[in-house]
Amino acid sequence: MHARAVAASTTALLGTAALLLPLSPARATDTGAPPVVIAHRGASAYAPENTLAAVDRAAALGIDWVENDVQRTKDGELVVLHDDSLQRTTDVEEVFPGRAPWKVKDFTAAEIARLDAGSWFDPAYTGTRVPTLEQFVDRVEQNRQKLLLEIKNPQLYPGIEQETLKLLGNEGWLDRRHLEGRLVVQSFSADSVRTVHALKPAVKTGFLGTPPVADLPAYAAFTDQINPSHGSLSAGYVTAVHALDGAHGKPLEVLTWTVNNAAAARRVAGFGVDGIITNTPDVVRDAVGG
C-alpha cells in the first residue's frame with residue numbers, strides 16, 4: 001500500500017447493510033490485548049514482498065496475519081503483486097525488453113511465471129516467482145495463517161471482486177471457520193469494497209484510507225474496518241471510528257499501515273488501533289507486547 005489521497009462522494013458511498021453475522025473476536029481495545037500484527041506483503045523487510053518466501057518468513061517469526069495485493073493477468077489469472085507494473089520487483093525488462101511499460105494486465109500468467117521476483121531483493125532469493133493467488137492462499141492455509149487481502153487497482157480489472165471471491169470459495173476460504181476470523185478483503189476503492197460486501201455479505205471487509213468523520217456512517221454500511229496510514233491517525237479519529245457499528249453490527253475496527261519501527265508502533269497502539277500492518281512484524285510485536 002502506498003499513501004495517497006482517497007476521495008469518494010457521499011452519494012457514491014450509500015449502500016445496503018447486510019445480514020448481521022458473527023465476526024472475529026472482540027477488538028483489542030475491548031479486551032486489553034495488544035493490537036494484532038499483520039505482515040505487510042508478508043514479512044517484506046526480510047524476504048521479497050508478496051512472495052511465498054515472505055509468507056513463510058512471517059510464519060517463521062510467529063506472525064499469524066499476512067497482507068497481500070491482488071491483480072489480474074492478460075488471460076484472467078489472479079496474481080499477487082503490489083504494483084500494476086512488473087518492472088520494480090521482477091526482471092521483466094531483461095526477459096521482455098520490448099514490452100514497456102510492463103503492465104501486469106498486458107502479460108499472460110505463463111509469461112509472468114517465467115520472471116524472477118526475488119533477485120532484486122537479494123541474490124539469495126534468485127528464482128523466486130510471482131505467486132498466483134491460488135498458490136498464495138494455499139501457502140497461507142498450509143502455514144495456518146490468516147489473510148488480509150487487498151484488491152489492487154480494481155478500476156483496471158472489471159469484475160475482479162467476483163473473480164477473487166470465486167477463487168477464495170474454490171480454495172475453501174469462504175467457510176465459517178475462515179469467515180469468522182481468518183479473512184478480510186480490503187481496497188482503496190470504496191466501490192470495490194461495497195461490491196465485495198454486496199456479493200458476499202458474510203465476508204469481513206476493510207476500506208483503506210482516512211475518510212472524514214462526517215462520512216464514516218456511509219462507509220459503515222458496507223465495511224467493517226477503516227484502515228488509514230499511520231501518519232494520518234490521531235486518538236480522536238480512532239475513537240470516532242470505534243463509536244460506529246460496521247456492516248456486521250460490530251464496532252468498526254482500525255488497522256493502520258505501514259508502521260516499521262518501535263516508536264511509531266507504540267504511538268499508534270496508544271491511540272487504540274486494533275491492528276498494525278508492518279514490514280517488520282517482529283519489531284512491532286515486540287514493541288506493543290503482542
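Values below: every heavy atom of this structure, side chains too, minus hydrogens, waters and symmetry copies.
When the side chain to side chain contact (heavy atoms under 4.5 Å, CB included) test is applied to S232, the partners found at least two apart in sequence or on another chain are T210, P228, S229. Applying the ring pair (Phe, Tyr, Trp, His ring centres under 6.0 Å) test to W102 and every residue at least two apart in sequence or in another chain returns nothing. Under the salt bridge (Lys or Arg N to Asp or Glu O under 4.0 Å) criterion, E111 pairs with R99, sequence neighbours left out. R267 is linked by a salt bridge (Lys or Arg N to Asp or Glu O under 4.0 Å) to nothing, counting only residues two or more places apart in sequence or in another chain. For N50, the side chain to side chain donor-acceptor pair (under 3.5 Å) partners at least two apart in sequence or on another chain are D69. Annotation: ring pair (Phe, Tyr, Trp, His ring centres under 6.0 Å) contacts of H230 (sequence neighbours excluded): none. The salt bridge (Lys or Arg N to Asp or Glu O under 4.0 Å) search around D282 returns none, not counting sequence neighbours. Listed by chain and residue number, R177, R182 satisfy the salt bridge (Lys or Arg N to Asp or Glu O under 4.0 Å) test with E141 (two or more places apart in sequence, or in another chain).
Residues Y237 and L216 are in side-chain contact: their nearest non-hydrogen atoms beyond the backbone lie under 4.5 Å apart. Side-chain contact between L81 and I112 is absent, with no heavy-atom pair separated by less than 4.5 Å. Using a 4.5 Å heavy-atom cutoff, the side chains of T89 and E49 are in contact. You'll find the side chain of P101 stays beyond 4.5 Å of the side chain of S85, heavy atoms only. With a 4.5 Å cut-off on side-chain heavy atoms, H242 and V254 count as touching. Annotation: side chain of V70 is not in contact with side chain of K152 (no heavy-atom distance under 4.5 Å). Counting heavy atoms from C-beta on, the side chains of P211 and I226 come closer than 4.5 Å. Annotation: side chain of V184 is not in contact with side chain of L147 (no heavy-atom distance under 4.5 Å).
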**Message:** Would R88 and D83 count as a salt bridge (charged side-chain N to carboxylate O under 4.0 Å, His left out) here? Give the steps.
**Reply:** CA-CA 8 Å; R88 179 176 63 88; D83 301 358; 2.8 Å; yes
**Request:** Check step by step if side-chain contact (heavy atoms from CB on, under 4.5 Å) holds for F96 and F107.
**Result:** CA-CA 10 Å; F96 299 104; F107 287 78; 3.6 Å; yes
**Request:** For side chain to side chain donor-acceptor pair (under 3.5 Å), just list the numbers for D84 and Q71, CA-CA rounded to whole Å, side-chain angles, deciding distance to a tenth of an Å, and then say yes or no.
**Result:** CA-CA 7 Å; D84 65 359; Q71 313 219 35; over 6 Å; no
**Prompt:** Given L165 and V203, is the side-chain contact (heavy atoms from CB on, under 4.5 Å) satisfied, shown in steps?
**Reply:** CA-CA 9 Å; L165 291 169; V203 173; 4.1 Å; yes
**Message:** side-chain contact (heavy atoms from CB on, under 4.5 Å) for L233 and V238? Distances and angles first, verdict last.
**Reply:** CA-CA 7 Å; L233 268 191; V238 174; 3.9 Å; yes
**Prompt:** Would D64 and Q145 satisfy side-chain contact (heavy atoms from CB on, under 4.5 Å), going step by step from the backbone distance to the final call?
**Reply:** CA-CA 5 Å; D64 289 336; Q145 293 167 296; 5.6 Å; no
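Applying the side-chain hydrogen bond (donor to acceptor under 3.5 Å, both in side chains) rule to pairs touching residues 159-172 yields R72-E163, E161-S192, sequence neighbours excluded. For the ring pair (Phe, Tyr, Trp, His ring centres under 6.0 Å) condition, no pair includes a residue of residues 45-68, sequence neighbours left out. Legend: side-chain hydrogen bond (donor to acceptor under 3.5 Å, both in side chains) pairs involving residues 113-123, not counting sequence neighbours, sorted by first then second residue: D116-S119. Within the structure, every pair that satisfies the ring pair (Phe, Tyr, Trp, His ring centres under 6.0 Å) test and touches residues 122-158, not counting sequence neighbours, is listed here: F121-Y125.
Under the 3.5 Å distance criterion, the side-chain polar atoms of R41 are left unmatched by any main-chain donor or acceptor of A39. Panel note: side chain D224, backbone T205; a donor-acceptor pair is recorded below 3.5 Å. Looking only at distances, no side-chain donor or acceptor of N153 sits under 3.5 Å from a matching main-chain atom of Q155. Not one N or O on the side chain of T51 forms a donor-acceptor pair closer than 3.5 Å with the backbone of T128.
Here E67 contributes atom CD and L148 contributes atom CG; the two are 5.5 Å apart, rounded to the nearest 0.5 Å. The distance from atom CG of L78 to atom CG of L133, rounded to the nearest 0.5 Å, is 5.5 Å. Between the CD atom of E134 and the CG atom of L168 there is a distance of 11.0 Å, given to the nearest 0.5 Å. With rounding to the nearest 0.5 Å, the separation of CD in E253 from OG1 in T223 is 9.5 Å. Going from atom CD1 of I160 over to atom OG of S189 covers 11.0 Å, rounded to the nearest 0.5 Å. Atoms CZ and CG, from R129 and L115 in turn, are 7.5 Å apart once rounded to the nearest 0.5 Å.
No hydrogens or angles considered: a donor-acceptor pair under 3.5 Å links the side chains of T278 and T280. Side-chain contact, Q87 with E93: a donor N or O sits under 3.5 Å from an acceptor N or O. Using modelled atom types, one finds no donor on one side chain facing an acceptor on the other under 3.5 Å when comparing E150 with N68. With 3.5 Å as the limit, one finds a donor-acceptor pair spanning the side chains of N227 and Q186. Judged by distance alone, the side chains of D75 and T73 do bring a donor and an acceptor atom under 3.5 Å apart.
Between L252 and A220 the shortest heavy-atom distance is CD1-CB, 4.0 Å. Considering every non-hydrogen atom in both L52 and Q135, the closest pair reads CD2-O, 3.8 Å. When all heavy atoms of N279 and H40 are compared, the pair lying nearest together is OD1-ND1, 2.7 Å. Scanning all heavy atoms of the two residues, the minimum distance from A47 to R57 falls at CB-CB, 4.3 Å. In terms of heavy atoms, L179 sits closest to A202 at CD1-CB, 3.8 Å. Of all heavy-atom pairs spanning A190 and Y219, the tightest one is CB-CE2, 4.2 Å.
Crowding of E94 atom CD: a count of heavy atoms from other residues, nucleotides or ligands under 6.0 Å not exceeding 12.
In this structure, D191 pairs ionically with R194, as a charged nitrogen and a carboxylate oxygen lie closer than 4.0 Å.
Below 30°, between 30° and 60°, or above 60°: for W257 and F188 the angle between ring planes is above 60°, a perpendicular geometry. Ring pair H248/H197 is perpendicular by interplanar angle, where above 60° counts as perpendicular and below 30° as parallel.
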